[in-house]
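To start, the structure itself, in structure tokens.
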Amino acid sequence: MKVKKAVIPAAGLGTRVLPASKAVPKEMLNIVDKPAIQYLVEEAAAAGVEDILIITNRGKGVIEDHFDHAFELEKNLEGNPAKAEILEQLRSIANLANVYFIRQKVTKGLGHAVLCAKSFVGNEPFAVLYGDDVIISEDPVTAQLCRVYEEFGCGAAGVQTCSEEDIQKYCTLDVTPVRANLMAVRNIIEKPSKDQILSLYAILGRLVLTPEIFPILEDGLGRLAQGEFYLTDSLAALGRQGKMMAVDFDGTRYDMGNKLGVMMANCEVALTHPEIGEDFKKYIKELVKTL
């Protein structure tokens, strides 16, 4: 079965990028001329996904507006040949995929957010694209994971190596090599202490899962007394059952929940942007001389 559905958890508060995220959702922070979440939707659509559920919370209605038609603006641009390309770009945003929205009414972490998508997913495999993580690659990372799912019929996690310091902020995987950049997952530990590190591989923003994850999530949430419910706890259970693969994906990942990540994304994407790339390179070269 092909992966035709995707879930984008986007209910986080964005505290690491305040005050920018006080009135503007962090997922709507721009990378040059597009909000971060548009890159995620474009990636999913490029991988063959047709239906996308974005999980939000209060104050994020602007995300829903972005993927709708802006009739007044489009009408204003119609009939102006100089604005024809911009008009086409605006209209294409609303036609990337079938985009749906649901609110995560209680912020209980990523595990709970994915569980909110249970009725949307039904009995189909689905991709998960973390709202904080924009990944730029010629071959969409979601597509890389979908191919692994189609071959092995089980979940797939997008991973890359991290520093020992960063791995303690994310998660660590116990993996067994299969071939090239493909590994079998045996266990996962969220936010490990230094003596718990299993490897320097961490899940960085992309998953393909089967509906098997939902009973595990429900069981985990039922045992949660308070605090955040980590998705990785349930992924670890799949790994221990031999039902999770890891793909050391090809792509450059930017953490959009982090001020430095936002700046790196803007700088590096601007360097290759078709409209401003050459001028921006000249500016950077001159700026470097002053450092």
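Keep in mind that the numbers below use all heavy atoms, side chains included, and drop hydrogens, waters and symmetry copies.
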Is [X] salt-bridged to [Y], cutoff N-O under 4.0 Å?
X      : Y      : value
Glu278 : Lys281 : yes
Glu88  : Arg91  : no
Lys289 : Glu286 : yes
Arg253 : Asp133 : yes
Lys60  : Asp65  : no
Asp132 : Lys26  : yes
Lys118 : Glu218 : yes

Should Phe120 and Phe101 be marked as a ring-ring contact (aromatic ring centres under 6.0 Å, His included) after you check the CA-CA gap, both sets of side-chain angles, and the distance that decides it?
CA-CA 10 Å; Phe120 167 79; Phe101 296 86; over 10 Å; no
Just one of Thr172, Thr161, Ile167 clears the side chain to side chain contact (heavy atoms under 4.5 Å, CB included) bar with Ser199, so which one?
Thr172
Does the side chain of Ile102 come within less than 4.5 Å of Leu53's, by heavy atoms?
yes
Under 3.5 Å, is there a donor-acceptor pair linking the side chains of [X] and [Y]?
X      : Y      : answer
Glu165 : Ser163 : no
Asp195 : Ser193 : yes
Tyr170 : Glu190 : no

Assigning hydrophobic clusters by single linkage (Ile, Leu, Val, Met, Phe, Trp, Tyr; side-chain heavy-atom cutoff under 4.5 Å), is [X] placed with [Y]?
X      : Y      : value
Val32  : Val24  : yes
Leu129 : Ile93  : yes
Ile213 : Leu173 : yes

Take atom CG of Asp68 as the centre, draw a 6.0 Å sphere, and report whether it contains more than 12 heavy atoms from other residues, nucleotides or ligands.
yes
Run Glu42 and Lys34 through salt bridge (charged side-chain N to carboxylate O under 4.0 Å, His left out) and show every step you take.
CA-CA 11 Å; Glu42 288 176 343; Lys34 290 192 295 189; 2.7 Å; yes
What's the verdict on side-chain contact (heavy atoms from CB on, under 4.5 Å) for Gln38 and His66, showing C-alpha distance, side-chain angles and the deciding distance?
CA-CA 9 Å; Gln38 185 175 330; His66 182 72; 2.8 Å; yes
